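Below you'll find the structure, written out as structure tokens, and then a few comments.
Only heavy atoms go into these numbers, but all of them, side chains included; no hydrogens, no water, no symmetry mates. For ligands, and for the atoms within them, numbers begin at 1 and follow the listed sequence. Computed from a prediction, not measured in an experiment: that's the story for all the values here.
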Amino acid sequence: RLPVTAAAGPGYLPGSEFYKVEAIIRPWRVPHVSSGLLEMGIRGVTVSDVRGVGAQGGSTERHGGSEFSEDKFIAKVKMEIVVCKEQVEAVIDKIIEKARTGEIGDGKIFLIPVSDVVRIRTGERGKEAERMTGGMSDRLSSVVSIS
Ligand code: ATP
Ligand code: GLN
């Protein structure tokens, strides 16, 4: 695992100010993960119902005796979370903590550089667009200013 290096920023390649953390997880774990993320101030999350196949293989359920009855794909949820680079490790750690059962099929996380963020309502770009009021950065800066 990469260490959390909030001050310097992690050395992911290709380097970017923002990253998309894309996690493919078990559908029934989504509430645990999303509440865990919200508790740490991650307010912007997109989820999609997807189907996939990995080491877990396909579903063994059979339907109606059809020749093609075995479904190769299992229902999963894709979570996409765009964050600034300093927040990537904390988000990955939280997803692992909340999504992991230890059994085959827990899922995978992909890290994708994001070149820009645009807030449609205001036309803001970059850091202004990525930051959310009451988000993780706001919380951390208020902790720092108290101490
Ligand atoms: P506004 O202040 O204009 O409401 P916002 O930053 O709060 O802007 P929304 O318009 O609420 O953003 O976001 C619309 C949708 O975009 C959300 O429902 C979510 O699916 C997605 N989204 C927003 N921010 C992120 C993010 N950082 N990562 C992933 N998805 C996001
Ligand atoms: N980085 C944003 C902030 O701290 C939060 C991003 C997100 O919620 N996905 O405001």
Side-chain angles (χ1 to χ4, degrees), residues 1-61 63 70-147:
R1 303 283 335 275
L2 291 165
V4 176
T5 50
Y12 308 122
L13 289 172
S16 180
E17 198 60 32
F18 313 110
Y19 289 87
K20 180 165 77 170
V21 180
E22 187 174 293
I24 314 292
I25 64 172
R26 299 181 195 273
W28 63 276
R29 285 266 153 178
V30 172
H32 303 270
V33 176
S34 59
S35 58
L37 291 171
L38 194 57
E39 276 165 21
M40 61 193 266
I42 298 300
R43 307 182 56 209
V45 176
T46 300
V47 294
S48 323
D49 291 321
V50 296
R51 298 188 324 130
V53 65
Q56 187 182 11
S59 164
T60 53
E61 283 176 44
H63 316 276
E70 194 164 327
D71 190 349
K72 272 178 69 68
F73 301 101
I74 293 179
K76 298 283 175 185
V77 167
K78 179 166 72 175
M79 271 193 156
E80 296 170 275
I81 306 138
V82 173
V83 291
C84 53
K85 62 177 185 275
E86 295 83 1
Q87 297 175 349
V88 167
E89 287 301 310
V91 167
I92 290 174
D93 286 348
K94 185 58 71 178
I95 294 170
I96 292 171
E97 180 196 327
K98 299 292 185 181
R100 187 175 180 281
T101 68
E103 300 292 320
I104 284 170
D106 274 349
K108 259 185 191 166
I109 297 174
F110 306 108
L111 189 56
I112 302 144
V114 168
S115 58
D116 203 359
V117 181
V118 182
R119 179 169 278 120
I120 293 173
R121 180 173 58 85
T122 58
E124 291 166 302
R125 305 288 292 248
K127 256 209 153 355
E128 285 70 38
E130 191 275 329
R131 279 202 176 211
M132 297 181 72
T133 309
M136 191 174 172
S137 304
D138 273 3
R139 288 177 188 212
L140 290 176
S141 59
S142 68
V143 168
V144 168
S145 62
I146 290 165
S147 58

query: Do D138 and M132 come within less than 4.5 Å of each other through their side chains, counting heavy atoms only?
result: no
What heavy-atom pair brings [X] and [Y] nearest, and what distance separates the two atoms?
X: V77; Y: P27; value: CG2-CA, 3.8 Å
X: V83; Y: E130; value: CA-OE2, 3.3 Å
X: V114; Y: Y19; value: CG2-C, 3.9 Å
X: M136; Y: A90; value: CE-CB, 3.9 Å
X: K20; Y: E80; value: NZ-OE2, 2.8 Å
X: V45; Y: I42; value: CG2-CG2, 4.1 Å

Protein heavy-atom partner closest to [atom] - residue, atom, separation in Å:
atom: atom 12 (O) of ligand 1; value: M132 CE, 4.7 Å
atom: atom 3 (C) of ligand 2; value: S137 OG, 3.7 Å
atom: atom 10 (O) of ligand 2; value: M132 N, 2.8 Å
atom: atom 8 (O) of ligand 1; value: R119 NE, 3.2 Å
atom: atom 30 (N) of ligand 1; value: T46 OG1, 2.9 Å
atom: atom 2 (C) of ligand 2; value: E130 OE2, 3.3 Å
atom: atom 1 (P) of ligand 1; value: R121 NE, 3.4 Å

message: For ligand 1 and G44, I'd like to know whether there is a polar contact (N/O to N/O, distance under 3.5 Å).
response: yes
Contact (N/O only, under 3.5 Å) between V82 and ligand 1: yes
Please state which part of [X] comes within less than 4.0 Å of ligand 1, counting heavy atoms only: side chain, backbone, both or neither.
X: V45; answer: backbone
X: I81; answer: backbone
X: E80; answer: backbone
X: E130; answer: neither

query: Roughly how far, to the nearest 0.5 Å, is CZ of F18 from NZ of K127?
result: 5.5 Å
statement: CD1 (I81) and CD (Q87) are apart, to the nearest 0.5 Å, by 11.0 Å
query: Can E17 and K85 be counted as an ion pair, charged N to O under 4.0 angstrom?
result: yes
Are any of the protein's heavy atoms under 4.0 angstrom from [atom], yes or no?
atom: atom 6 (O) of ligand 1; value: yes
atom: atom 3 (O) of ligand 1; value: yes
atom: atom 14 (C) of ligand 1; value: no
atom: atom 18 (O) of ligand 1; value: no

task: Go through the steps for E86 and S137 under the test side chain to side chain donor-acceptor pair (under 3.5 Å), then give the verdict.
output: CA-CA 10 Å; E86 295 83 1; S137 304; over 6 Å; no
message: Suppose I only count heavy atoms of R131 and a 4.0 Å limit; which atoms of ligand 2 are within that range?
response: 10 (O)
field: Where ligand 2 meets G135 - atom numbers and elements under 4.0 angstrom, heavy-atom basis
entry: 4 (O), 10 (O)
- request: Go through the side-chain N and O atoms of E103 and T101 and say whether any donor and acceptor fall under 3.5 Å apart.
  value: no
query: Do M136 and ligand 2 have an N or O pair less than 3.5 Å apart?
result: yes
query: N/O of I42 under 3.5 Å from N/O of ligand 2, yes or no?
result: no
- prompt: Backbone, side chain, both or neither: what part of V82 comes under 4.0 angstrom of ligand 2, heavy atoms only?
  reply: backbone
- request: Check step by step if side-chain contact (heavy atoms from CB on, under 4.5 Å) holds for I109 and I25.
  value: CA-CA 9 Å; I109 297 174; I25 64 172; over 6 Å; no
